[in-house]
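Please read all numbers here as calculations on a predicted model, not as lab measurements.
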Amino acid sequence: MSKTLLIKNARVLVTMDDARREIADGAVYIRDNVIEQVGSSAELPQDADEIIDASGHVVMPGLVNTHHHMYQSLTRAIPAAQNGELFNWLTNLYPLWAGLTAEMIHVSTLTAMAELILSGCTTSSDHLYIYPNDCKLDDSIAAAQKIGMRFHAARGAMSVGQSKGGLPPDRVVEEEGAILKDTQRLIETYHDASRHAMQRVVVAPCSPFSVSQDLMKESARMARSYGVSMHTHLAENVNDIAYSREKFNMTPAEYAEDCGWVGPDVWHAHCVQLDDDGIHLFARTGTGVAHCPCSNMRLASGIAPIRKMLDRGVPVGLGVDGSASNDAGHMMGEVRQAMLLQRVGFGPDAMTARQALEVATLGGAKVLNRDDIGAIKPGMSADIVMFRLDGIGMAGALHDPVAALVFCTPPNVAYSIINGKVVVREGQLCTIDLPVIIERHNALAMQLV
């Protein structure tokens with residue numbers, strides 16, 4: 001028996017459709033988990049199994065987070081890691097992360113996803129690359145299923161420890177045969193290639209400075225044999241560039257190409273120091289970038305040339321990155337920072353509010369290689385968020401409520417619909433008992449540290 005949901009009377013409905021329509025007094029009609037009709041409230045059916053009155057709200061597609069390390073929410077604002085660039089930051093945190101447990105992975109994933117959902121995100125990737133003790137990617141996947149988030153679970157890995165010239169301590173790296181075997185298990189167990197899938201698996205060695213060239217190449221072969229996406233870190237800061245030149249005698253982009261890590265099924269996190277040749281390579285091959293402005297500022301990695309990437313046709317999505325290098329996971333806050341940081345780096349017209357929203361919706365969908373999310377139009381997955389316009393943060397900004405979402409204080413959602421199900425109602429998460437999760441999360445964070 002199908003179920004219908006009608007959202008009507010929106011102050012503005014931001015569709016992100018091919019014409020980028022913004023519909024006053026807009027409405028969306030959903031059947032089960034798919035959008036069936038979009039238009040003005042007067043044009044659409046007036047009856048449904050459930051009706052949500054969106055008067056005084058902006059309604060828009062759910063935001064897409066293309067890069068995260070959710071376990072890091074346990075180690076926010078650690079004194080020893082508050083300052084320093086990427087390699088220094090990692091060196092101070094690896095010993096703490098060596099104490100992670102399966103429960104910590106599960107609870108931190110629930111916490112991070114709750115923060116994302118409340119801030120407007122409906123689809124997220126998570127790059128879990130460290131597996132000490134009894135930790136498994138299954139712990140993250142179970143959390144996503146519980147909270148109701150559309151999830152791309154990236155099976156990360158580190159195999160080159162300090163004794164082999166890598167950055168991580170030997171005790172937090174894995175043997176490469178075991179990595180590939182577990183990655184295969186996860187794909188065969190959890191990956192859903194169908195349209196509107198809630199769960200996909202991604203092949204994701206951590207970075208050029210923590211895995212071997214052989215693992216990069218073998219991972220690419222495995223991913224393509226199963227038709228799954230590939231993800232890693234690349235060109236994050238100047239030390240990253242120096243390591244690549246010293247170790248491989250190549251730029252990071254050249255190394256990625258040499259390993260088979262370019263194409264529309266690949267996206268790289270950060271790319272702050274991607275050079276012009278690298279940008280051209282990514283544009284020509286359709287290789288995606290996860291832009292993480294807050295993390296790049298936090299670690300002083302630099303300002304990624306996103307305007308140049310977009311102008312040349314590189315697919316770009318947005319990522320909050322790990323909650324120990326941000327240290328927030330507020331998706332609408334990340335949209336705001338993306339706009340502001342491009343202006344700091346490249347001038348006041350480098351990015352508009354609507355362009356930033358497009359990167360966070362359609363851009364993220366393209367980076368994750370999906371054609372069923374990122375827009376509100378018939379046939380798309382029913383992932384929709386609603387923001388109230390009557391709060392103090394929006395006061396005086398209703399001349400352009402869509403731009404106000406980006407320019408003003410980053411808001412939380414009033415409603416979030418994911419896969420046709422109401423996950424947030426009147427600002428409250430419906431799928432988990434959030435205060436209980438937060439209390440347990442804080443206890444586990446103290447235990448870990």
Practice task
Would you tell me whether Gln273 and Asp240 have side-chain atoms, one donor and one acceptor, within less than 3.5 Å of each other?
Solution key: no
Exercise for the section: Can you run down the ring-ring contact (aromatic ring centres under 6.0 Å, His included) pairs that involve residues 203-239, sequence neighbours left out, and say none if there aren't any? Expected result: His67-His231, His67-His233, His69-His233, Phe87-Phe209, His127-His231, His127-His233, His231-Trp267, His233-His270
Problem - Donor-acceptor contact below 3.5 Å, side chain Ser108 vs main chain Ile105 - result: yes
Practice task
Could you label the plane-to-plane angle of the His268 and Trp261 rings as parallel, tilted or perpendicular, counting under 30° as parallel and over 60° as perpendicular?
Solution key: tilted
Handout entry: Considering all heavy atoms, the nearest Val14-Ile376 contact
Key = O-CD1, 3.7 Å
Problem - Charged N-O contact under 4.0 Å between Lys217 and Glu176 - result: no
Handout entry: N-O pairing of Asp170 and Lys164 below 4.0 Å
Key = no
Problem - Lys/Arg-Asp/Glu bridge criterion (N-O < 4.0 Å) met for Asp182, Lys136 - result: no
Problem - Asp126 and Arg155 ion-paired at < 4.0 Å - result: no
Handout entry: Donor-acceptor pair between Asp258 and Gln213 side chains, under 3.5 angstrom
Key = yes
Problem - Within 6.0 Å of CD in Glu246, more than 12 heavy atoms from elsewhere - result: no
Exercise for the section: Only pairs at least two apart or in different chains count here, so list each side chain to side chain donor-acceptor pair (under 3.5 Å) that has a residue in residues 194-204. Expected result: Asp192-Ser194, Arg195-Asp371, His196-Ser381
Handout entry: Among Ile417, Val385, Val424, side chain to side chain contact (heavy atoms under 4.5 Å, CB included) partner for Thr122
Key = Val385
Exercise for the section: Give a yes or no on whether Arg284 atom CZ has more than 12 heavy-atom contacts from other residues, nucleotides or ligands under 6.0 Å away. Expected result: yes
Exercise for the section: Say whether Asn326 and Glu334, considering side chains only, have a donor N or O and an acceptor N or O under 3.5 Å apart. Expected result: yes
